[in-house]
Amino acid sequence: MVGTWRSLLLAQAIGQIEAELDLAWARLLSDFDVAHGTADETALGWLVVDNPEEHDWRVVDAALDRLSCTECGVTLARGPATCRRCTYHHELRFAARETDRPNVPPGNEHAIRVSFAVARNRTRYSPRARVGYELLLPDLVAGFLPTTKQAQAAKALINKLTPEECDRVTTFDEVEALTRTRPAL
């Protein structure tokens with residue numbers, strides 16, 4: 001693994017999206033003439049996360065990154081699944097707007113958004129969910145979107161992995177090699 005990520009490709013994809021979040025947030029601050037690091041920035045962050053449907057998902061995720069949960073004290077929406085406030089904002093983030101980028105299949109942006117949320121909020125998801133979304137994210141960022149048949153085939157293979165294997169694999173080739181002759185668990 002590379003740092004906290006399962007592969008260099010995933011680390012790069014996460015880094016690219018995080019840079020896009022930072023840029024989206026900087027643009028919002030500029031649009032509202034709000035200075036970074038001020039109480040006004042915090043107030044704007046709360047306004048954004050309380051009204052996600054009015055903003056692009058990158059702006060909402062950027063706002064979440066800049067706020068602390070008043071219940072558990074960690075970055076908002078990243079607290080334990082038992083934190084009701086984090087759970088509420090984690091779920092509410094999905095009300096934000098998403099617009100597909102040019103020259104990608106329709107639905108690619110939604111897939112990026114979900115995969116990114118799963119990768120950055122690992123404790124909220126099962127090992128099988130994490131491995132699928134994390135392995136796919138670099139391809140999604142590159143503009144790929146699997147067909148329903150391809151996604152179902154990948155899920156069938158992932159379902160043959162143990163939770164420990166799910167946390168250890170770094171590519172779909174590894175998933176295929178481990179599961180080639182195995183029945184589903």
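Not measured: the values here are computed from a predicted model.
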Consider only side-chain heavy atoms of I, L, V, M, F, W and Y, link residues closer than 4.5 Å, and tell whether L136 and L145 are in one cluster. yes
Rounded to the nearest 0.5 Å, what separation is found between the OH atom of Y133 and the CD1 atom of I112? 13.5 Å
With hydrophobic residues grouped by side-chain heavy-atom distances under 4.5 Å, do L137 and V104 end up in a single group? no
For the atom pair CD (E98) and CZ (R113), what is the distance rounded to the nearest 0.5 Å? 4.5 Å
Closest non-hydrogen atoms of A117 and F94, given as atom of the first, atom of the second and distance, are CB-CZ, 3.7 Å
Counting only N and O atoms by type, is there a donor-acceptor contact under 3.5 Å from the side chain of E174 to the main-chain atoms of T170? yes
For the pair E165 and K160, find out whether any cationic side-chain nitrogen is under 4.0 Å from an anionic carboxylate oxygen. no
Are L29 and V49 grouped together when hydrophobic residues (ILVMFWY) are joined by side-chain heavy atoms under 4.5 angstrom apart? yes
Is the shortest heavy-atom distance from the side chain of T87 to the side chain of R124 under 4.5 Å? yes
Closer than 4.0 angstrom, basic N to acidic O: yes or no for R130 and D167? yes
To the nearest 0.5 Å, tell me how far L157 CG sits from F172 CZ. 8.5 Å
Tell me which one of L64, L67, D61, V60 satisfies side chain to side chain contact (heavy atoms under 4.5 Å, CB included) with V48. V60
So, for V175 and T179, which heavy atoms are closest and what is the spacing to 0.1 Å? O-OG1, 2.7 Å
Roughly how far, to the nearest 0.5 Å, is the OG atom of S7 from the CD atom of Q12? 8.5 Å
With heavy-atom distances below 4.5 Å as the criterion, would you say the side chains of Q150 and F144 are in contact? yes
Hey, are the side chains of I14 and I17 touching, using non-hydrogen atoms and a 4.5 Å cut-off? no
Just how far is it from atom CG of N121 to atom NE2 of H90, taken to the nearest 0.5 Å? 5.0 Å
Please check if the number of heavy atoms outside Y88 that lie under 6.0 Å from its OH is greater than 12. no
Do you see a donor-acceptor pair shorter than 3.5 Å between the side chains of T148 and Q152? no
Backbone N/O of A35 and side chain of T38: donor-acceptor pair under 3.5 Å: yes
With side-chain hydrogen bond (donor to acceptor under 3.5 Å, both in side chains) as the test, would you mind laying out the steps for E41 and W25 before giving the verdict? CA-CA 10 Å; E41 180 182 25; W25 187 251; 2.7 Å; yes
May I have the list of side-chain donor-acceptor pairs in residues 75-83 shorter than 3.5 Å, sequence neighbours left out?
from, atom 1, to, atom 2, distance (Å)
R78, NH2, D65, OD1, 3.0

Pairwise side-chain hydrogen bond (donor to acceptor under 3.5 Å, both in side chains) hits with a residue in residues 45-57, at least two apart: W57-E109
For a quick test of reading the model, state the closest non-hydrogen atom pair linking G143 to P105 and the distance between them. O-CD, 3.1 Å
Hey, are the side chains of R120 and E18 touching, using non-hydrogen atoms and a 4.5 Å cut-off? yes
Keeping N108 on the side-chain end and L140 on the backbone end, is there a donor-acceptor pair under 3.5 Å? yes
More than 12 foreign heavy atoms under 6.0 Å from CG of N103: is that the case here? no
L178-L135 co-clustered via ILVMFWY side chain contacts under 4.5 Å: yes
Restricting to pairs with a member in residues 133-148, which pass salt bridge (charged side-chain N to carboxylate O under 4.0 Å, His left out), not counting sequence neighbours? R6-E134, R122-E134
Check this for me: does any side-chain nitrogen of one of D22 and R66 sit under 4.0 Å from a carboxylate oxygen of the other? yes
Over all atoms of both residues, closest heavy-atom pair of P106 and D100: CA-OD2, 3.2 Å
Are any of the side-chain heavy atoms of R93 and P52 separated by less than 4.5 Å? no
Any chance you could lay out the side chain to side chain contact (heavy atoms under 4.5 Å, CB included) test for L21 and F116, step after step, and finish with the verdict? CA-CA 11 Å; L21 266 60; F116 182 70; 4.0 Å; yes
Any chain of hydrophobic side-chain contacts (each under 4.5 Å) joining I158 to V169? yes
